[in-house]
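Quick notes on the structure that follows.
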Amino acid sequence: MKSIQIQKDIFQINEEKANRYTSYCMVIAAVVTVLMWLLNVLGFFIVDQTLMNITMPIGVVMFLFPSLLIRIWKREEWLLKYIIMGCFLLGVAILASALTIQLVMAWACPIILSCHYYSPKFTHFTLTGALLCMLCAVYIGLYFGVWDSNMMRCVDTPGNAAFRAEFIGQATAAGDNIILRVFNFYYIPRAVILIVVYLIGITLSKRTHGLLKQQEADNREKERIGAELHVATQIQSSMLPCIFPAFPEYQEFDIYASMNPAKEVGGDFYDFFLVDKDHLALVIADVSGKGVPAALFMMISKTLLKNAAQAGLSPKEALQKVNNQLLESNEAEMFVTVWLGIYEISTGRLTAANAGHEYPALKRAGGKFELFKDRHGFVLAGMENTRYREYEIQLNEGDILFVYTDGVAEATDNDNQLYGAERMLEALNRRADAGPKELLEEVKSDIDGFVGEAMQFDDITMMALKIRRKKSNKI
């Protein structure tokens, strides 16, 4: 149903624009007609006044009628364009009946305008209508319009239709078939010109029609991809902890995290979960690449890391196991940087390992945020049987741990300047005593102010842990 609606929108919108454009051109034709009428009244032309006073007002009405019609038309859109073009053809035919000699190229205008609809069927209709109306106008002009003395081989112009009919009859009886001569030397050359214009126009019309069909197919594909990306975004969001406060039953710590993907889905992820009642696992990671491939690799990595941690493995053991698991079927040759920590709630001891990730930032109670330059190991899925080192941090009441991905430090403004770790620390220290949520909001706000209107090229993911008390009443 959606694809049908897209196709209807593309061609219907174009048709509505073409209707308006054609009506504007017909308004211009009406203005030109009125100008010709006035010039004839002032004596610039030698066309019979009675003839002009009859044909010109009718032509003006035919040209102006579509402008009114498109404002009140409420029926099927496909019929409207035929009525508009019919008015145009009739308007030209009425004027051509009086000014047959002067309006040779006026017949090409409707055909050219019909090509704006990008409908070969409609252009066929316009050509057929133009040829029939021109044929009628040529022969009506013989009896009522401007008389071509050279073509008729007559020095004097017969004054009315009766005299013209008598003259034509006499000439035909004498062997000079004026009707046939007019067809051969007036109508056929003009018809050939219209056919040439038609062939040029229909070629462009068909080509543009094909482009519109391709655009429709592209839009349908984009809509399908967009719908799938929307679902992927929801799935990815649902996989990350997003309910805060995360552990309201624990008063020993407060934790908050956020992720702002550069695209619909991202390669960054964070996670925190209880391994048991006394151990909280903290994970933040960044997958190489962006978009759907990174998101898929991210979900695999996140699942494996969580399984390893919940199995009771230490941070370095978990990283070593997951590294080999990711390498088993990594044909895309992607990798992921990971910081993994296990916080022991009862003692305040944090055991962590770093697989090529950014340095965490640590604030001691009463102090300022500073980078904690831990021991880096190699990225996950980079090399088989890689070994990782652990380190410990003793966290006390009031301490705050801040971890993040490189999208924070590498945020870029319009001058290609990096946000950098120093600016990040300055933003953190402006609200050093705030809670985790306020800290992350401060850093994100500072990044947005720095970046300005520049496009976000990387995912921005952050997580903060604040220690409220050392001992836990849950143990």
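We count residues from 1, following the sequence as given. What you see below is based on every heavy atom in this structure, not just the backbone, and it leaves out hydrogens, waters and symmetry mates.
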**Request:** Could you check Thr461 against Asp268 for side chain to side chain donor-acceptor pair (under 3.5 Å), going step by step and ending with a plain yes or no?
**Result:** CA-CA 7 Å; Thr461 306; Asp268 286 6; 3.0 Å; yes
**Request:** Specify the closest pair of heavy atoms between Pro57 and Met52, including all atoms of both residues, with the distance to one decimal.
**Result:** CD-O, 3.6 Å
**Request:** Find out whether Asp446 and Arg430 are in side-chain contact, i.e. whether some heavy atom of one side chain is under 4.5 Å from a heavy atom of the other.
**Result:** yes
**Message:** Parallel, tilted or perpendicular, judged at 30° and 60°: which one describes the rings of His124 and Tyr198?
**Reply:** tilted
**Item:** Geometric class of the Phe272/Phe247 ring pair [parallel <30°, tilted 30-60°, perpendicular >60°]
**Value:** perpendicular
**Request:** Would you kindly check if the NZ (Lys) or CZ (Arg) of Lys437 is within the cone defined by 45 degrees around the ring axis of Phe244 and under 6.0 Å from the six-membered ring centre?
**Result:** no
**Asked** Looking only at heavy atoms, which two atoms of Ala409 and Leu418 are closest? And how far apart?
**Response** O-CB, 4.0 Å
**Prompt:** Would you say the side chain of Leu135 lies within less than 4.5 Å of the side chain of Tyr187, judging by non-hydrogen atoms?
**Reply:** yes
**Asked** When you look at Leu326 and Ser301, which way does the side-chain contact (heavy atoms from CB on, under 4.5 Å) test go after all the steps?
**Response** CA-CA 7 Å; Leu326 291 174; Ser301 303; 3.8 Å; yes
**Message:** Do Leu371 and Met424 make a side-chain contact, defined as non-hydrogen atoms from C-beta onward lying under 4.5 Å apart?
**Reply:** yes
**Residue pair Phe167 / Ile178: nearest heavy atoms and the distance that separates them** = CE2-CD1, 3.6 Å
**Prompt:** Is the backbone of Ser67 close enough, under 3.5 Å, to the side chain of Arg71 for a donor and an acceptor to pair up by distance?
**Reply:** yes
**Heavy-atom donor-acceptor pair, Thr203 side chain to Leu199 backbone, under 3.5 Å** = yes
**Prompt:** Should Leu305 and Leu380 count as side-chain neighbours, where that means a heavy-atom distance under 4.5 Å?
**Reply:** yes
**Prompt:** Which atom names give the shortest non-hydrogen contact between Ala96 and Trp107, and what distance separates them?
**Reply:** CB-CZ2, 3.6 Å
**Prompt:** Regarding Asp413 and Tyr419, is there a side-chain donor-to-acceptor distance under 3.5 Å anywhere?
**Reply:** no
**Item:** Lys306 side chain near Val283 side chain, heavy-atom distance below 4.5 Å
**Value:** no
**Prompt:** For the side chain of Ser23 and the backbone of Arg20, is there at least one donor-acceptor N/O pair under 3.5 Å apart?
**Reply:** yes
**Request:** Check the surroundings of atom CD in Glu16: do more than 12 heavy atoms from other residues, nucleotides or ligands lie under 6.0 Å from it?
**Result:** yes
**Exam field: side chain Asn307 to backbone Thr303, donor-acceptor pair closer than 3.5 Å** = yes
**Prompt:** Is Asn323 reaching over with its side chain to a backbone N or O of Met383, donor-acceptor style, under 3.5 angstrom?
**Reply:** yes
**Message:** Using the rule given for side-chain contact (heavy atoms from CB on, under 4.5 Å), can you reason through Ile255 versus Leu282, listing the C-alpha separation, both sets of side-chain angles and the distance that settles it, and then say yes or no?
**Reply:** CA-CA 10 Å; Ile255 190 169; Leu282 307 169; 3.4 Å; yes
**Request:** Could you label the plane-to-plane angle of the Phe125 and Phe122 rings as parallel, tilted or perpendicular, counting under 30° as parallel and over 60° as perpendicular?
**Result:** parallel
**Leu95 vs Met56, side-chain contact (heavy atoms from CB on, under 4.5 Å): CA-CA, chis, key distance, verdict** = CA-CA 7 Å; Leu95 297 182; Met56 293 298 170; 3.6 Å; yes
**Asked** Taking all atoms of both residues into account, what is the closest heavy-atom pair of Asp286 and Asp406, and its distance?
**Response** OD2-OD1, 2.7 Å
**Request:** State whether the side chain of Ser258 and the backbone N or O of Tyr256 hold a donor-acceptor pair below 3.5 Å, judged by distance alone.
**Result:** no
**Complete:** All heavy atoms of Tyr404 vs all of Tyr359, minimum pair found to be OH-O, 2.8 Å
